[in-house]
Amino acid sequence: MDKTLLDYGLTDDSAFLFLKFSAKEYLELLQSGKLHMKNFKTYIDWEKREGKKGIGDIYEATQVMNDLDVKLVDPETNEVVLEGTASRITVTFDQLIYKPVFCMTGINASAMKVINETEEYVEVILNFSEEEKKIIEQVFGDHVLVISPKQFMDIINEKFKELGYSFKAKFVRYDDFSINNKERIEIYHNLDPDLYFWKDCSIKYQREYRIVILNKDIEEPLNLDIGDISSFTTILPTYKLFNGFTIRFPKEKRTLISK
């Protein structure tokens with residue numbers, strides 16, 4: 001079995017790289033400091049319109065429950081007028097789907113496959129299958145902005161604090177939406193902000209890391225100037241990222257703790 005950085009004492013809680021796939025022109029705007037955020041409804045509508053999941057997702061910020069007994073009750077008489085079984089019920093609240101979100105791919109320990117190891121360093125490549133590479137390039141763009149996570153999030157923290165935005169940023173958790181997960185259902189029932197970080201496992205190849213503003217609703221895209229980020233980012237053709245792009249983690253700096 002291939003080794004990943006999980007085999008060196010690291011965990012999947014942190015991102016070592018952020019990747020933003022898109023057309024080169026858009027990435028150049030982002031690199032110059034133009035942060036473009038859409039609401040969740042945009043991605044719901046995209047799948048409804050295009051008929052496929054990928055950029056869009058009809059289950060964004062949505063409660064999904066399966067195989068439920070359903071009763072229709074007359075509110076005046078409390079009489080059950082209809083009952084049956086629903087194979088799937090989805091619940092989407094307007095108060096949730098207008099929050100701004102910015103999505104990236106987050107590269108954590110399991111997303112890095114070890115290809116070489118010396119006394120000085122461990123060398124890795126991105127741990128994507130050939131099918132995943134093909135889907136990403138076709139659906140998300142022929143170029144990618146490679147971003148240093150800490151510097152990027154420091155800027156986001158500073159800018160959002162200046163604007164008075166409360167936000168949450170973390171990896172998405174992928175789950176099988178055909179199964180009723182108690183934790184997922186309770187989080188939505190309680191309107192816990194973690195509800196924005198659940199997606200169906202059919203698109204887990206995205207390895208998404210997202211930033212959600214919690215105290216602002218938008219109908220049109222939100223454009224923010226976060227300042228030039230070119231000093232800690234680089235733009236590459238997507239095929240170059242997936243073919244020959246390597247990263248070295250020096251052991252002497254204790255980046256890795258061997259098991």
Checklist entry - Backbone N or O of Asp13 within a donor-acceptor pair of the Asn108 side chain at under 3.5 Å? => result no
Item to check | Closest non-hydrogen atom pair between Ile97 and Asn39, with its separation | outcome: O-CB, 3.5 Å
Next on the checklist: Please find the pair of heavy atoms, one from Leu19 and one from Val146, that lie closest to each other, and give the distance.
Outcome noted: CD2-CG2, 3.9 Å
Checklist entry - Given side chains that start at C-beta, do those of Thr246 and Asn116 come closer than 4.5 Å, heavy atoms only? => result no
Checklist entry - What pair of heavy atoms forms the shortest contact from Val101 to Cys103, and how long is it? => result CG2-SG, 3.8 Å
Checklist entry - Do Ile203 and Ile107 share a hydrophobic cluster, counting only Ile, Leu, Val, Met, Phe, Trp and Tyr and linking them when any side-chain heavy atoms are less than 4.5 Å apart? => result yes
Checklist entry - Under a 4.5 Å cut-off applied to non-hydrogen side-chain atoms, are Phe16 and Leu10 in contact? => result yes
Checklist entry - Do NZ/NE/NH1/NH2 and the carboxylate oxygens of Asp194 and Arg173 come within less than 4.0 Å? => result no
Which donor-acceptor pairs under 3.5 Å do side chains of residues 147-154 form with protein atoms, sequence neighbours excluded?
{"unit_1": "Ser148", "atom_1": "OG", "unit_2": "Gln151", "atom_2": "OE1", "d": "2.8"}
{"unit_1": "Lys150", "atom_1": "NZ", "unit_2": "Asp154", "atom_2": "OD2", "d": "2.9"}

Checklist entry - After noting the C-alpha distance and the side-chain angles of Leu5 and Val124, does the key distance pass the side-chain contact (heavy atoms from CB on, under 4.5 Å) rule? => result CA-CA 8 Å; Leu5 290 187; Val124 301; 3.8 Å; yes
Checklist entry - For Lys199, which residues count as a salt bridge (charged side-chain N to carboxylate O under 4.0 Å, His left out) partner, sequence neighbours excluded? => result Glu60, Glu208
Checklist entry - Can Arg207 be said to sit on top of Phe128's aromatic six-ring, NZ or CZ under 6.0 Å from centre and within 45° of the ring axis? => result yes
Next on the checklist: With heavy-atom distances below 4.5 Å as the criterion, would you say the side chains of Leu30 and Leu35 are in contact?
Outcome noted: yes
Next on the checklist: Would you compute the distance between atom CG of Leu236 and atom NZ of Lys24 and round it to the nearest 0.5 angstrom?
Outcome noted: 10.0 Å
Item to check | Test log, rule salt bridge (charged side-chain N to carboxylate O under 4.0 Å, His left out), inputs Glu158 and Lys161 | outcome: CA-CA 5 Å; Glu158 183 179 342; Lys161 182 178 180 180; over 6 Å; no
Item to check | Glu137, Glu131, Glu130 screened by salt bridge (charged side-chain N to carboxylate O under 4.0 Å, His left out) with Lys133, the one that passes | outcome: Glu130
Checklist entry - Salt bridge or not for Arg49 and Asp45, using N-O below 4.0 Å? => result no
Next on the checklist: With heavy-atom distances below 4.5 Å as the criterion, would you say the side chains of Thr105 and Phe140 are in contact?
Outcome noted: no
Checklist entry - If you round to the nearest 0.5 Å, how far is CG of Asp142 from CZ of Phe21? => result 11.0 Å
Checklist entry - For the rings on Tyr8 and Phe249, is their centre-to-centre separation under 6.0 Å? => result no
Next on the checklist: Pair Leu222, Lys216 - check side-chain contact (heavy atoms from CB on, under 4.5 Å), show working.
Outcome noted: CA-CA 10 Å; Leu222 177 65; Lys216 185 176 180 62; 3.9 Å; yes
Checklist entry - Hey, quick one: are Ile211 and Tyr26 part of the same hydrophobic cluster, counting side-chain heavy atoms closer than 4.5 Å, chains of contacts allowed? => result yes
Checklist entry - For the residue pair Asp217 and Lys99, what are the closest heavy atoms and their distance? => result OD1-NZ, 2.6 Å
Item to check | Donor-acceptor under 3.5 Å (Gln206 side chain, Gly54 main chain) | outcome: yes
Next on the checklist: Minimum heavy-atom separation for Phe167 and Ala169, please, with both atom names.
Outcome noted: CE1-CB, 4.1 Å
Next on the checklist: Using a 6.0 Å distance limit plus a 45 degree cone around the ring axis, check whether Lys20 lies over the aromatic ring of Phe102.
Outcome noted: yes
Item to check | Audit row: Val212, Phe197, side-chain contact (heavy atoms from CB on, under 4.5 Å) steps and yes/no | outcome: CA-CA 9 Å; Val212 181; Phe197 297 88; 3.8 Å; yes
Next on the checklist: Would the distance check show the side chain of Thr238 and the main-chain N or O of His143 forming a donor-acceptor pair, the cut-off being under 3.5 Å?
Outcome noted: yes
Checklist entry - Does Gly164 offer a backbone N or O that forms a donor-acceptor pair with the side chain of Asn215 under 3.5 Å? => result yes
Next on the checklist: I need the Met112 CE to Asp2 CG distance, nearest 0.5 Å.
Outcome noted: 15.0 Å
Checklist entry - Would you find a donor on one side and an acceptor on the other, under 3.5 Å apart, between the side chain of Asn180 and the backbone of Asn66? => result yes
Checklist entry - Side-chain heavy atoms under 4.5 angstrom apart, residues restricted to Ile, Leu, Val, Met, Phe, Trp, Tyr: same cluster for Leu96 and Tyr98? => result yes
Next on the checklist: Quick check: is Phe18 connected to Tyr174 through a chain of hydrophobic side chains (ILVMFWY, heavy atoms under 4.5 Å apart)?
Outcome noted: no
Item to check | Polar side chain donor-acceptor pair, Thr4 to Ser110, under 3.5 angstrom | outcome: no
Checklist entry - Hey, are the side chains of Arg88 and Val64 touching, using non-hydrogen atoms and a 4.5 Å cut-off? => result yes
Next on the checklist: With rounding to the nearest 0.5 angstrom, report the NZ to OH distance, Lys48 to Tyr43.
Outcome noted: 16.0 Å
Checklist entry - Is atom CG of Asp225 surrounded by more than 12 heavy atoms (other residues, nucleotides or ligands) closer than 6.0 Å? => result yes
Checklist entry - Taking a hydrophobic cluster as the set of Ile, Leu, Val, Met, Phe, Trp and Tyr residues connected by side-chain heavy atoms closer than 4.5 Å, whether directly or through intermediates, do Ile125 and Ile136 fall within one such cluster? => result no
Item to check | Over 12 non-hydrogen atoms of neighbours within 6.0 angstrom of CD in Gln95 | outcome: yes
Next on the checklist: Return the CD1 to CG distance between Ile185 and Asn190, rounded to the nearest 0.5 Å.
Outcome noted: 12.0 Å
Checklist entry - For the residue pair Phe177 and Tyr59, does the interplanar ring angle fall in the parallel (under 30°), tilted (30 to 60°) or perpendicular (over 60°) class? => result tilted
Checklist outcome for this item: Shortest non-hydrogen pair, Thr11 vs Ala109, comes out as O-CB, 3.4 Å
Next on the checklist: Measuring only between side-chain heavy atoms, which start at C-beta, is Thr234 closer than 4.5 Å to Leu145?
Outcome noted: no
Item to check | CG on Leu214 to OH on Tyr165, rounded to 0.5 Å | outcome: 12.5 Å
